[in-house]
Structures are given as C-alpha cells and as structure tokens.
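The next block holds one structure in the form of structure tokens; read it before the comments.
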Number of protein chains: 2
Amino acid sequence: MNLHVRRATIADVASAAGVSKATVSRFLNHREKLLSPDIAARVEAAVAQLGYSPSPMAQALSRGRSRLIGLIVADITNPYSVAVLRGAEKACQDAGYLVMLFNLGNEPGREQEAIQALAGYQVDGFILNTLGRGSGVVDAMATQGKPAVLVDRRHVGMHADFVSLDNRAAVQQACEHLLDGGWRELLFVSEPLKGVSTRRERAAAFSACMEAHAKAARGEVFESEEGDDEGLQAALQALHRRAQRRKGVRAAVLAGNAVVTLRVARAVASLGWQFGQELGFVGFDDPEWASLIGPGLSTIAQPTDEIGRTAARCLIERLHGLEGPPRQSLLPGELKVRGSSAAGA
Amino acid sequence: MNLHVRRATIADVASAAGVSKATVSRFLNHREKLLSPDIAARVEAAVAQLGYSPSPMAQALSRGRSRLIGLIVADITNPYSVAVLRGAEKACQDAGYLVMLFNLGNEPGREQEAIQALAGYQVDGFILNTLGRGSGVVDAMATQGKPAVLVDRRHVGMHADFVSLDNRAAVQQACEHLLDGGWRELLFVSEPLKGVSTRRERAAAFSACMEAHAKAARGEVFESEEGDDEGLQAALQALHRRAQRRKGVRAAVLAGNAVVTLRVARAVASLGWQFGQELGFVGFDDPEWASLIGPGLSTIAQPTDEIGRTAARCLIERLHGLEGPPRQSLLPGELKVRGSSAAGA
DNA sequence: TTGTATGCGTTATCAT
DNA sequence: ATGATAACGCATACAA
C-alpha cells in the first residue's frame, strides 16, 4: 500500500477538471461570482474525487495570512492557564483558526524567543498569558505589527486588548462574605507581588476593602515565597494571636490563587488546625479538590472558559479589521461558599 | 513609528550583500562547504544588519518539511495529559521543533479532523494521546504517511511507537503494598473500561494479581460511571460488608486514575468514613492535593515528564530517518505511601 | 565558487 | 467567464 500518496494539489484538480488553476482557485474562494454552471460542476466533481483540500501553508505564503493564532502561556502546569487555554482554543477552532502553543515554562527570557518563533510561522495574532515582568514584549509586538490580546496579566505600556477576572469586585465580595461570617482579623496571602499585575490588583483591592471596614475589621498582606513553609506558618500563628487579642474575633485567610491555597492547606495541616474553626478561609480559583479539604474550602471560581473565549473573540475581531483603542473585559467571579468560611456565633 | 516593518527576506539580504539569493541560501544551509571568505563575510554582515531570519513557512513549502510537530490530546483538561504535553513540548523545543496543539475535547469524532488540519500545515509527525476507540486513525495516518508516536493509549492495529507507564508492574506494586499492609479485600475502581487500553490493562493486571494471591486476598473490579455517585457508594459499602464477613480483614480501594480518586474521595466523605480506617486506598496518578485529603492518599506517581520527553524523542528519531519495527517504552511508576494505606494491626 | 532558473501550492493581476 | 502569469520566500539542480 503506497504510503506517500502525495496530497492532491490545485494543479491536479485543474487538469482533472480540464480547466486552469486560476479557475479552481476562483471556485474555491469566490464561488458566488464569476461562475459558469458546467465548469463549476466539473471542478466540484474533481475536488470531491481527488479529496482535494488546499494547503494552508501555501495559502499563508500567498495571502500573508495563515489562520494561525499564537498562544503563549507562562506555565502550562498552571491549571488556570490551561483552563483559559482550553476556552481560547475552542473559540479559535470554531472560528477556523488553529492554535500554535508556546510554553514559557516560567522562564521570562523566552518571551522574545516565543514571539519570534511564532511570528516566523506567520501567526495572524497572539494570545498572551505571560509573566508580564519587564516590557520587552512591547517592542517585539510593535515590530511584528500583529494584534495581540493579553490574558490575566497586563503589560505596562502595552497597547493591546486585555481580558481578565474582575479582581477588585471579586476581592470585595470575598472580604464582605468573610466579614459577614464574623471573621474580622484577615490575612491576604499571595505569591510574591513583584511586578505581576494580578497579584498587585488583588492585594490593593484587599487593602482598600479593609480600610473601608476599618472599624470592624483588620487586615494584612503576606507574600508567601515558594518553599518557605516556616514563614507561612509563622504568619498564620501571628494572625491567630492578633485575633485572640481582640476578644471573640476570628481569623481568616484570603488566598491569592490555587498555589497559595495549597500552601495554606499544608500549613494548616502542619499546625493541626481545622478550616472553619481555628482559621476561616476563602481562596481564589476553584480547583476540583477544594470541596474535599477539611469541611470544604470556600473559593472564588473564575470563569476561565469564558475568559479564554473572550480573549479569542477579541483577537479575531481585530483580525477581521476592527480598529479602535485597546478594550478591556473584566469578567465576574463566582463565590462558592463551603465550610471553611462558615459563619460564626 | 511604522508598524508593518516587512520582515527582511532572503532577497533583501542578497541585494544588501551584493550577491544572489542562492548564495545567501547556501551560506545559511551549507555553511561549511563552498565558501569564499569575503563573500561569506559580506552575507553574514548583511544578515546581521537586517536582522534576517528565514521564514519557516516558506522553508516548509520548499523543503516539504516544516519542523512542526502535531500534538493531539484527548482532553486538555486532564492534568495527566497536560503533564505529558509539557514534557513533550519541552523536548520538541529543545530539538528545534515547534508544537501545534489540537485538543479533542473528548469528542472522538474529531480525530480525523485534527489529523487533517495538522497535516495541512505539513507537520512532520504526530504525538497522539487520543481516545483510542475505533481505529479510524490508522488509515488516516497511513494516508498521510507521517510518523507518529502513541502516548498512554494504544490503537489497535496501529503500527507506531508507543510510550506509557508500565501499568502491569505498577498495579502489582500497589497490590502487594496493600496486601502487605493487611488490606485483604480489594476493589479496583476504574472509569468504564470500554476500549481504552490503559484501563483494560490495569484492570487485567489487578485481576491477575488477585488470582496470584487468591489464598490471602480477594478482589473485584468496579466500573464507575460519571455522575453515578450512588452506584459507587453502594459498591464501597458492599466491599465493606464483604470484608466484615471475613473476620479481621480490612477493605481497600485501588483507583484507576485521578478522576476516579476524586470520585472515591467524595463517596468516602459522604459515607462519613476515614481513609486509612474504614477504607484503605491507593490511586493512580499523584495530584498535588493527594497529601491533603484525610491522612494523605497513597498514590502511584507516573513519570509524566519523562513520558512526554520519551515520546518526543522517539518521534524525532523517526523524523531523523530511524527505520525499524514499532518500539515500546514502558516507564516505571513510583509508589508514594501515605496515611491512606497505613499498615493495620 | 557563484549565479540562473525552476519548483513548492496558492492567490491575484492581468489579458483574452 | 476563463486562462496565462507573476508573485509569496525559500531551496536546489544546473549552468557558468
């Protein structure tokens, strides 16, 4: 059985139908205009019979557009990124685009490399969920001159559409839920803020919220370094002590993302505490295991799928020629109440 | 600031260096042979000055090879798939290949579509982690005539390299660990076996292992349907009763993958049981949250990264011209012992 | 050793 | 309405 059955080309179709390549191409691309019925029928038959489909590569070369979208993701290991990626990829496919994936593996220096590589394949645009430190990307983007949409993390000075969770509203909702439940001594635990916009926004919103409720509640921010389990435990104990000094006040943590949630859960286990008892808890992101830890961990679920689809749609609109200033889509989160934030007496 | 700064082409370099396109091309591809020092220097300078890099698309069209690898994954939501994908993508990048991702979203019918789409972009080969039901893929592969490597799931009759966990050895290790700990009434809980090779292999290995220890232990297999929580709970209760009928014997579950682990954990919570007490447990896959459920869930960790890298390397070897019959790489799992399988009295 | 010409599979601009 | 023909950016067989 001959393996290398060369894919049929437009030339094959042309000769099979007894017409010129140009005619075949017209039949394929501008079917409605300029068509003589019998010729159209002959071409159609030839196409069907040879199972012909045009080569996207050749089309890309000729048209300058590839129907390819470059998706650069900071860390494919991060379930959040994957969830977004999933939504984006689906939307792209539905719109007839294919996704080329480039995983940075958390190495910031590779942003340039990624953009170069993807641009080489003539991707029509980019969906970027990158680290966002430094703005090297800005110039590269401008250089390549292709539209891009940023997901979850802003890039300073970058002139592009942006889609993300509405962090401010989500933080506010979480805080008020905790306060309503009688948790009055709060700690926002985040990965190191550095330049990461999402983390900063959440931390800032937390602080603002605490100030607004300064009479009833107190709150601090703790940056948890990877591997520094002792530091986190110490911070939780300090939190607990602060709460005890104020009679009848209970302490709770707001975790900045699922990675932090995991760390906090480990620390709580080490300390022998129970969620919902010694420590209240709400965390960003809603991993499938949240309901299985202790009495269930309350979370703020992100509409990851919707974020991905929105990003893809934004980009595709640009590809279709939409002009105008950068747009911003902030999607609402959903608070999932579980045992870890149960209201106290 | 002019945006559409057309990428420099080989023609630009040629005229800048005052030579022909062919010379530039030769300088790029066959640097060692056929080189006159001064010309080489001029070309090199021109390349550097214009920041020229060849268009992979045009190269692909001309060469018939694209340095692209198509990665088809059954379900991007599955952390196992992602972990493998990560290893594979890294290995590909290291070897100078880019990955085009196609997510099936668990829709079996899209395998063909995926292969067609990817083949259109002239991918040099495929890494397949697909559903594996039916063998429609076989013909398509043969048709496209490109090498492929299967990950985790075999395709019946498919003539291709295969890499996966050594399921038989892993099951055996898990069973013996449980038996050593005094867990003598076992239940293997799997997603519906259907035609999925991994599930069948694990179930078969479990049954074989139980027969081998028939004097001391008993085991059954349960297929857990998505959403059928009652069925699973009933199966666990039946298991428990069987154990009680044999004085002093304790019951344990071996879960076929992380999805099942989650279901079992939910059921155990519903029943008010404690892992390590009323029910022993070992599960395939080692999610990050395994240590946080109850006393910690014992697991069999797969070398996902290594599986991915191996798959990529296999494929790339084929791309480099390696001939010969399909190869098979079975990588060892690692048993992580935690509280859920603690030895009894 | 270097340049010319052709092909890769399409699209698009001309004539016809 | 249809057919040559020239791009698109690159590689290469062949000629010089």
Side-chain angles (χ1 to χ4, degrees), chain A residues 4-44 46-47 50-68 116 119-124 144, chain B residues 4-44 46-47 50-68 116 119-124 144:
Chain A
H4 280 270
V5 277
R6 195 175 56 80
R7 279 171 63 102
T9 77
I10 200 172
D12 299 328
V13 177
S15 73
V19 298
S20 76
K21 296 193 300 179
T23 300
V24 178
S25 179
R26 266 191 298 260
F27 172 79
L28 263 25
N29 302 303
H30 314 282
R31 186 161 323 200
E32 53 289 353
K33 354 190 65 172
L34 317 176
L35 266 196
S36 108
D38 60 329
I39 294 257
R42 277 175 22 217
V43 174
E44 182 156 28
V47 166
L50 276 67
Y52 167 79
S53 72
S55 153
M57 283 243 157
Q59 287 182 317
L61 193 61
S62 181
R63 291 177 160 147
R65 292 172 298 113
S66 62
R67 297 200 78 75
L68 238 33
Q116 296 286 354
Y121 282 96
Q122 303 279 34
V123 297
D124 293 339
Q144 308 291 162
Chain B
H4 280 271
V5 277
R6 195 175 56 79
R7 279 170 62 101
T9 76
I10 200 174
D12 299 328
V13 176
S15 72
V19 298
S20 76
K21 298 193 296 178
T23 301
V24 176
S25 178
R26 269 190 296 261
F27 172 77
L28 264 24
N29 301 303
H30 314 283
R31 187 160 321 200
E32 53 289 355
K33 354 190 65 171
L34 319 176
L35 266 195
S36 111
D38 60 329
I39 294 257
R42 278 174 24 215
V43 174
E44 181 155 29
V47 166
L50 276 67
Y52 168 78
S53 71
S55 153
M57 281 241 155
Q59 287 183 316
L61 195 59
S62 180
R63 291 178 161 145
R65 294 172 295 114
S66 63
R67 298 199 78 75
L68 240 32
Q116 297 285 354
Y121 281 96
Q122 303 279 34
V123 297
D124 294 339
Q144 309 290 161

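Quick note: numbers below take in every heavy atom, side chains included, and nothing from hydrogens, waters or symmetry partners. Here is how names work: the chains are called A, B, and so on, in the same order as the sequence lines, proteins then strands, and each is numbered from 1.
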Distance-only donor-acceptor test, Arg63(B) side-chain atoms vs dG7(C) base atoms, 3.5 Å: no

Under 4.0 Å between a side-chain N or O of Ser36(A) and OP1 or OP2 of dT2(D)? yes

Whole-Å distance, Arg26(A) CZ to dT10(C) P, equals 16 Å

Who pairs with Ser53(A) by side chain to side chain donor-acceptor pair (under 3.5 Å), at least two apart in sequence or on another chain? Arg7(A)

End-to-end bend of the helix from dT1(C)-dA16(D) to dT16(C)-dA1(D) (five-pair axes, 10° rounding)? 50°

Distance below 4.0 Å between His30(B) side-chain N/O and dA11(D) OP1 or OP2: no

So, is Thr23(B) near the phosphate of dG3(C), with a side-chain N or O under 4.0 Å from OP1 or OP2? yes

Base of dG9(D), side chain of Arg7(B) - is there a donor-acceptor contact under 3.5 Å? no

Work out which heavy atom in Met57(B) is nearest to a heavy atom in Gln122(A); give both atom names and the distance. CG-CG, 3.9 Å

Would you say Arg42(B) and Thr23(B) make side-chain contact, with heavy atoms under 4.5 Å? no

List in numerical order all residues of residues 51-62 of chain A for which some heavy atom is under 4.0 Å away from an atom belonging to DNA chain C. Tyr52(A), Ser53(A), Pro54(A), Ser55(A), Ala58(A), Gln59(A), Ser62(A)

Across all chains, not counting sequence neighbours, the salt bridge (Lys or Arg N to Asp or Glu O under 4.0 Å) partners of Asp12(A) are Arg6(A)

NA contact type, Ile39(A), heavy-atom cut-off 4.0 Å: base, sugar-phosphate, or nothing? sugar-phosphate

Does anything in residues 9-22 of chain A reach DNA chain C, meaning a heavy atom under 4.0 Å, and if so which residues? Thr9(A), Ile10(A), Lys21(A), Ala22(A)

Nearest non-hydrogen partners of Ala17(B) and Ala46(B), listed with the distance: CB-CB, 3.9 Å

Using a 4.5 Å cut-off on heavy atoms from C-beta on, say whether the side chain of Val19(A) contacts that of Arg26(A). no

According to side chain to side chain donor-acceptor pair (under 3.5 Å), who are the partners of Ser62(B), at least two apart in sequence or on a separate chain? none

I want to check something: taking the side chain as every heavy atom from C-beta on, are Phe27(B) and Val13(B) in contact at a cut-off of under 4.5 Å? no

